[in-house]
Colleague: 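Sharing a structure, written as structure tokens. Questions coming.
Since the structure is predicted, the reported quantities are computational estimates derived from the model, not experimental observations. Numbering starts at 1 and runs along the sequence shown.
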Amino acid sequence: CSLWASTKKMDLAEFPAEVVGYLSDGAATSFAFSPDGRLLAVGCVDGRVVLWEGSDTQAPAVAAELRAGGHAAPVTGVAWARGGRALVTAGADWRVLLWDLAAPALGVAREWHLGAPVASLSVSGGRAVARVVSGAARPVVLDLESGGLAELAGAPAAALVVSAPGEEAFLAIAPAGGRVLRISGDAVTEAGVDVPSAVEQMVMSPDGRVLAVACADHKIRTLSLIHI
């Protein structure tokens, strides 16, 4: 995985302009910038979580490497929490870990064992929503503060979940027609919007107002979340 940077205004036809550093000597499986944009958390196929200092794109450097008590299988998701003072990671080792980055030892503060490999996770405020890989498994809600765990009521199996920092999470249901629904607390609400094709991937804008969905018909659609 490489970090690209340019010292001049870049024409998209020239992208990537320059490879200035390597972020990992192994394969990166997931990554996320911290809220202030200073750190890039990279989950690796060997279970490592590497924090890269990216404020100087000409000289990226490793700020920390999270290993102690970490994942024993590929990291499948990383998400920042507590305003950048904590990191939540999910792995194919069936675990979700909460790392306290404010602690001197940078250790695991909480651990959840979900009983199946974790496909992805999303964090909204003090809550994390994880999606597990299992035929009948539904997304679960993890409370980062209390350590509680509950199945997301009303959610279908293998649903996709995304959220904007500090905002409510959203759930995309992907049957034949496709549908995007809002999560309220520990349950899925009936408010939503239909999508012409099954939803395969989602990403939310930083302000939580727009959702981009990649569909099975090879089209990317943008949805306004204000009206959902």
Colleague: Can you name the residues that form a side-chain contact (heavy atoms from CB on, under 4.5 Å) with Arg67, not counting sequence neighbours?
Modeller: Arg48, Glu65
Colleague: Among all residues two or more places apart in sequence or in another chain, which pass the side-chain hydrogen bond (donor to acceptor under 3.5 Å, both in side chains) test with Ser34?
Modeller: Asp36
Colleague: Just verifying a value: how many Å separate Thr89 OG1 and Glu111 CD, rounded to the nearest 0.5 Å?
Modeller: 9.5 Å
Colleague: Where do Leu144 and Arg110 come nearest, in terms of heavy atoms and distance?
Modeller: O-NE, 3.2 Å
Colleague: Of Leu223, Leu181, Leu211, which meets side-chain contact (heavy atoms from CB on, under 4.5 Å) against Val193?
Modeller: Leu223
Colleague: If you take all heavy atoms of Val123 and Ala79, which pair is closest and at what distance?
Modeller: CG2-CB, 3.5 Å
Colleague: Look at the side chain of Thr29 and the backbone N and O of Gly43, then say whether any donor-acceptor pair between them is shorter than 3.5 Å.
Modeller: yes
Colleague: Test of understanding: with side-chain contact (heavy atoms from CB on, under 4.5 Å), list the residues that count as partners of Leu106, not counting sequence neighbours.
Modeller: Ala64, Leu66, Leu101
Colleague: Work out which heavy atom in Val213 is nearest to a heavy atom in Met202; give both atom names and the distance.
Modeller: CG1-CG, 3.7 Å
Colleague: Taking all heavy atoms of Cys215 and all of Arg221, pick out the closest pair and write down the distance.
Modeller: SG-NH1, 3.2 Å
Colleague: Just grab all the ring-ring contact (aromatic ring centres under 6.0 Å, His included) pairs involving residues 101-121, residues at least two apart or on different chains.
Modeller: Trp94-His113
Colleague: Taking ring pair (Phe, Tyr, Trp, His ring centres under 6.0 Å) as the definition, give me every residue that meets it alongside Trp80, ordered by chain and number, with sequence neighbours left out.
Modeller: none
Colleague: How would you list, by chain and number, every residue that makes a side-chain hydrogen bond (donor to acceptor under 3.5 Å, both in side chains) with Thr76, sequence neighbours excluded?
Modeller: none
Colleague: Identify, with sequence neighbours excluded, every residue that meets side-chain hydrogen bond (donor to acceptor under 3.5 Å, both in side chains) alongside Gln201.
Modeller: none
Colleague: Is there a chain of hydrophobic side chains (I, L, V, M, F, W, Y, each step under 4.5 Å between heavy atoms) that links Val210 to Val199?
Modeller: no
Colleague: When rounded to the nearest 0.5 angstrom, what distance separates CG in Leu40 from CD in Glu53?
Modeller: 10.5 Å
Colleague: Under a 4.5 Å cut-off applied to non-hydrogen side-chain atoms, are Leu51 and Leu87 in contact?
Modeller: yes
Colleague: Would you please name every residue forming a salt bridge (charged side-chain N to carboxylate O under 4.0 Å, His left out) with Arg82, sequence neighbours left out?
Modeller: Glu145
Colleague: Quick one: closest heavy-atom pair of Val78 and Ala41, and the distance?
Modeller: CG2-O, 3.9 Å
Colleague: Considering residues at least two apart in sequence or located in another chain, which fulfil the salt bridge (charged side-chain N to carboxylate O under 4.0 Å, His left out) criterion with Asp100?
Modeller: none
Colleague: Got a sec, which residues hit side-chain contact (heavy atoms from CB on, under 4.5 Å) with Ala216, two or more places apart in sequence or on another chain?
Modeller: Ser197, Ala198, Glu200
Colleague: Who are the side-chain contact (heavy atoms from CB on, under 4.5 Å) partners of Val203, not counting sequence neighbours?
Modeller: Ala212
Colleague: Quick check: do Val108 and Trp99 have side-chain heavy atoms less than 4.5 Å from each other?
Modeller: yes
Colleague: With sequence neighbours left out, write down each residue that passes side-chain hydrogen bond (donor to acceptor under 3.5 Å, both in side chains) with Ser30, or none if nothing qualifies.
Modeller: none
Colleague: Please report the closest heavy-atom contact between Ala72 and Asp93, naming both atoms and the distance.
Modeller: N-OD2, 3.0 Å
Colleague: For Val188 and Arg182, run side chain to side chain contact (heavy atoms under 4.5 Å, CB included): C-alpha distance rounded to whole Å, both residues' side-chain angles, the deciding distance at 0.1 Å, then the answer.
Modeller: CA-CA 6 Å; Val188 178; Arg182 181 187 293 273; over 6 Å; no
